[in-house]
A.B. asks: 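Attaching a single structure in structure tokens format; questions to follow.
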2 protein chains.
Amino acid sequence: MDAETNATADDSSQGRIRQENIEKIMKAAEKVFAGNGFRGATTAAIAEEAGLPKANIHYYFGTKAKLYRAVLDDIIALWLSSFREIGENDDPATTLADYIRAKMQLSQNRPNASKVFANELIRGAPRISGYLETELKEWVEEKAAILDHWIEEGRMAPVDSKRLLFHIWSMTQTWADFEVQWAAVLGRKKKLKAEDFDAATDFIITIVLRTCGLQPIPSRS
Amino acid sequence: MDAETNATADDSSQGRIRQENIEKIMKAAEKVFAGNGFRGATTAAIAEEAGLPKANIHYYFGTKAKLYRAVLDDIIALWLSSFREIGENDDPATTLADYIRAKMQLSQNRPNASKVFANELIRGAPRISGYLETELKEWVEEKAAILDHWIEEGRMAPVDSKRLLFHIWSMTQTWADFEVQWAAVLGRKKKLKAEDFDAATDFIITIVLRTCGLQPIPSRS
DNA sequence: TTAGAACTTGACCATTTGGTCAGGATTTGT
DNA sequence: ACAAATCCTGACCAAATGGTCAAGTTCTAA
């Protein structure tokens with residue numbers, strides 16, 4: 001009976017049909033939520049995008065709010081899992097560059113995930129403040145501590161480590177969230193090209209490494 | 001009769017009541033649109049926020065779409081007007097720092113304007129693609145040319161000038177759009193403090209000036 | 001003072017929306 | 001083969017939403 005109970009992301013031993021449909025619905029929901037926010041998204045639009053009748057969405061997820069939660073949880077899991085662990089003994093320049101590359105990959109490959117998250121933050125993060133105040137805060141403090149350690153050892157120039165991370169985020173996510181803006185300004189047709197993402201990645205790496213004194217600044221001529 | 005005709009922002013010779021109400025409504029609309037996007041915002045919510053009956057909103061603006069347009073136009077005007085002109089003969093470091101300060105002031109003082117704009121971009125900018133492809137594109141090209149000029153003269157290190165501007169935007173606007181996120185991570189209660197904005201401003205200036213070779217990088221000790 | 005213009009608003013309407021449900025179709029384990 | 005579990009979905013609500021309107025009130029200029 002109570003089918004919607006297990007509609008969260010982590011079930012493994014579910015039936016084939018169930019898994020396929022949940023996947024279809026979540027993918028469609030991510031897209032529709034990304035483009036309209038929680039309130040603006042309609043279950044009818046999600047159903048159409050998923051190619052299923054509306055009642056089917058409710059069969060698996062119960063309510064729009066629960067579906068939204070499932071999408072958010074999925075995104076948060078992706079966020080947290082996608083960064084390779086940073087160790088104190090790693091090379092600062094390589095580590096920072098790798099991290100920026102990983103975030104840019106996400107922006108390029110999962111722009112809708114980024115947009116859903118951005119939407120949620122813009123509206124004040126009513127449903128994920130718990131995550132922000134715990135997991136995310138701890139993640140930042142942990143990584144910042146490593147940066148500070150590197151700074152103390154003289155392996156990179158002094159910077160405000162937490163804010164460095166914040167600005168890396170903002171610079172990488174802008175290429176997902178505000179893609180149309182940069183595409184328009186660069187004269188592309190709505191969508192950025194792969195080269196644009198590559199160039200942006202290189203440039204952000206340059207910014208960060210120069211800021212940390214890890215890359216020589218070319219002479220002014 | 002046709003009252004809604006003049007509901008755009010630039011009328012000056014309007015009646016007192018009209019001006020006051022339009023102002024009240026636009027302010028409320030900016031807030032509600034910021035928190036819910038176009039589709040998620042309801043005219044009833046805007047009316048309540050403005051302290052007026054719903055029918056009154058329609059009296060002045062006709063439709064929700066027209067009200068939204070008016071709010072967007074207002075924001076674009078603010079955007080375009082709020083940066084002091086950059087000249088070829090100005091000092092690069094001072095000019096860049098001033099520009100960053102100006103953008104951070106906007107983030108701090110008009111966060112809802114930033115959020116409405118962000119919402120619109122996230123959903124693909126259906127209503128402002130014209131602006132992005134013309135005014136904004138031209139603005140960027142004009143300013144980038146000045147940066148390139150400075151670079152050629154050896155007054156700053158070589159950088160990708162357009163992308164530098166993009167990333168300045170992303171770093172400054174993140175403090176408006178995603179305020180809750182940074183507040184949570186910094187352990188504030190939902191709202192950032194004035195000092196947080198000051199510290200962020202200084203840090204972004206540091207990032208940009210170091211990137212452009214305009215500020216010495218502290219020794220690694 | 002007064003007529004016309006501008007403003008106000010409760011009541012109303014058609015459409016859209018999230019959600020329900022019952023009865024039927026498929027799948028699955030044995 | 002067959003019964004139980006799972007899945008499917010058209011038809012259907014009640015509530016919310018954007019928008020209208022007609023009857024009134026207030027303002028303004030002569």
Side-chain angles (χ1 to χ4, degrees), chain A residues 1-8 11-26 28-33 35-72 126-127, chain B residues 1-8 11-26 28-29 31-33 35-72 123 126-127:
Chain A
M1 269 194 190
D2 195 10
E4 57 255 38
T5 311
N6 316 39
T8 38
D11 349 83
S12 50
S13 62
Q14 294 298 321
R16 204 190 76 263
I17 297 177
R18 166 166 285 259
Q19 271 195 336
E20 281 177 9
N21 278 342
I22 284 184
E23 222 166 293
K24 245 189 278 184
I25 294 168
M26 298 247 306
E30 187 173 284
K31 186 168 176 183
V32 176
F33 282 132
N36 299 94
F38 175 71
R39 292 213 53 193
T42 68
T43 54
I46 293 168
E48 198 188 8
E49 180 72 32
L52 295 168
K54 194 182 68 165
N56 212 327
I57 270 75
H58 284 96
Y59 172 70
Y60 283 108
F61 288 92
T63 66
K64 185 169 90 156
K66 282 184 194 162
L67 172 55
Y68 184 62
R69 253 253 77 94
V71 171
L72 274 183
R127 297 154 214 259
Chain B
M1 263 191 194
D2 194 10
E4 58 253 37
T5 310
N6 316 41
T8 38
D11 350 83
S12 50
S13 60
Q14 295 297 323
R16 204 190 76 262
I17 297 177
R18 165 165 285 258
Q19 269 195 337
E20 280 176 9
N21 279 343
I22 283 183
E23 222 167 294
K24 247 190 275 184
I25 294 168
M26 298 245 312
K31 187 169 176 182
V32 175
F33 283 131
N36 298 93
F38 175 70
R39 293 213 51 192
T42 67
T43 53
I46 293 168
E48 196 188 10
E49 180 72 33
L52 294 169
K54 195 182 64 164
N56 211 326
I57 271 76
H58 286 96
Y59 173 71
Y60 283 107
F61 287 92
T63 67
K64 185 169 89 156
K66 281 185 194 162
L67 172 55
Y68 185 61
R69 253 255 74 97
V71 171
L72 274 183
R123 92 171 30 126
R127 298 154 213 262

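The chains referred to below are lettered A, B, ... by the order of the sequence lines, with proteins before strands, and numbering in each begins at 1. No hydrogens, no waters, no symmetry mates; every other heavy atom, side chains included, goes into these values.
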A.B. asks: Starting at the 5' end of DNA chain C and moving along, which residue's nearest nucleotide shows up first, A:Ala55 or B:Ala55?
C.D. replies: B:Ala55

A.B. asks: With the side chain of A:His58 defined as its heavy atoms from C-beta on, choose the nearest nucleotide among D:dC7, C:dT20, D:dG18.
C.D. replies: C:dT20

A.B. asks: Could you tell me whether the side chain of A:Lys64 has a donor or acceptor atom within less than 3.5 Å of a complementary atom in the base of C:dG19?
C.D. replies: no

A.B. asks: Of the options C:dG18, C:dT8, D:dT17, whose atoms approach the side-chain atoms of B:Asn56 most closely?
C.D. replies: C:dT8

A.B. asks: Expressed as a whole number of angstroms, how long is the span from B:Ile46:CD1 to D:dG19:C1'?
C.D. replies: 13 Å

A.B. asks: What is the distance, to the nearest angstrom, from the OH atom on B:Tyr68 to the C1' atom on D:dG19?
C.D. replies: 20 Å

A.B. asks: Give the rounded distance in Å between these two atoms: CD1 of A:Ile22 and P of D:dC8.
C.D. replies: 11 Å

A.B. asks: What residue among A:Val71, A:Leu52, A:Val32, A:Asn36 forms side-chain contact (heavy atoms from CB on, under 4.5 Å) with A:Ile46?
C.D. replies: A:Val32

A.B. asks: Look at the side chain of B:Arg18 and the backbone N and O of B:Tyr60, then say whether any donor-acceptor pair between them is shorter than 3.5 Å.
C.D. replies: no

A.B. asks: For C:dT28, does either OP1 or OP2 sit under 4.0 Å from a side-chain N or O belonging to A:Arg16?
C.D. replies: yes

A.B. asks: Counting the atoms with a prime plus P, OP1 and OP2 as sugar-phosphate, which does B:Ala41 contact under 4.0 Å by heavy atoms, base, sugar-phosphate, or nothing?
C.D. replies: sugar-phosphate

A.B. asks: At under 4.0 Å, does any side-chain N or O of A:Arg39 touch on OP1 or OP2 of C:dT17?
C.D. replies: no

A.B. asks: Looking at every heavy atom in both B:Ile25 and B:Asn56, which two are closest together, and how far apart are they?
C.D. replies: CD1-O, 4.4 Å

A.B. asks: Determine yes or no for a side-chain-to-main-chain donor-acceptor pair under 3.5 angstrom, with A:Lys24 supplying the side chain and A:Gln19 the backbone.
C.D. replies: no

A.B. asks: Identify which nucleotide among C:dG18, D:dC7, D:dG19 has an atom closest to any side-chain atom of A:Tyr60, counting heavy atoms from C-beta outward.
C.D. replies: D:dC7

A.B. asks: Of the nucleotides D:dT20, D:dT9, D:dG19, which one has an atom closest to the side chain of B:Thr63?
C.D. replies: D:dG19

A.B. asks: OP1 or OP2 of D:dC8 versus the side-chain N and O atoms of A:Asn21: is any pair under 4.0 Å?
C.D. replies: yes

A.B. asks: Tell me the interatomic distance from B:Ile25, atom CD1, to C:dT8, atom P, rounded to whole angstroms.
C.D. replies: 8 Å

A.B. asks: Any side-chain N or O of A:Arg18 below 4.0 angstrom from OP1/OP2 of D:dT6?
C.D. replies: no

A.B. asks: Does B:Tyr59 have a side-chain nitrogen or oxygen under 4.0 Å from the phosphate oxygens OP1 or OP2 of C:dC7?
C.D. replies: yes

A.B. asks: Taking the minimum atom-to-atom distance to the side chain of B:Lys54, which one of C:dG18, D:dG18, C:dT8 wins?
C.D. replies: D:dG18

A.B. asks: Regarding A:Arg127 and the six-membered ring of A:Phe38, is the cationic atom NZ or CZ under 6.0 Å from the ring centre and inside 45° of its axis?
C.D. replies: yes

A.B. asks: Could you state the atom-to-atom distance from CZ of B:Phe38 to P of D:dG18 in whole Å?
C.D. replies: 9 Å

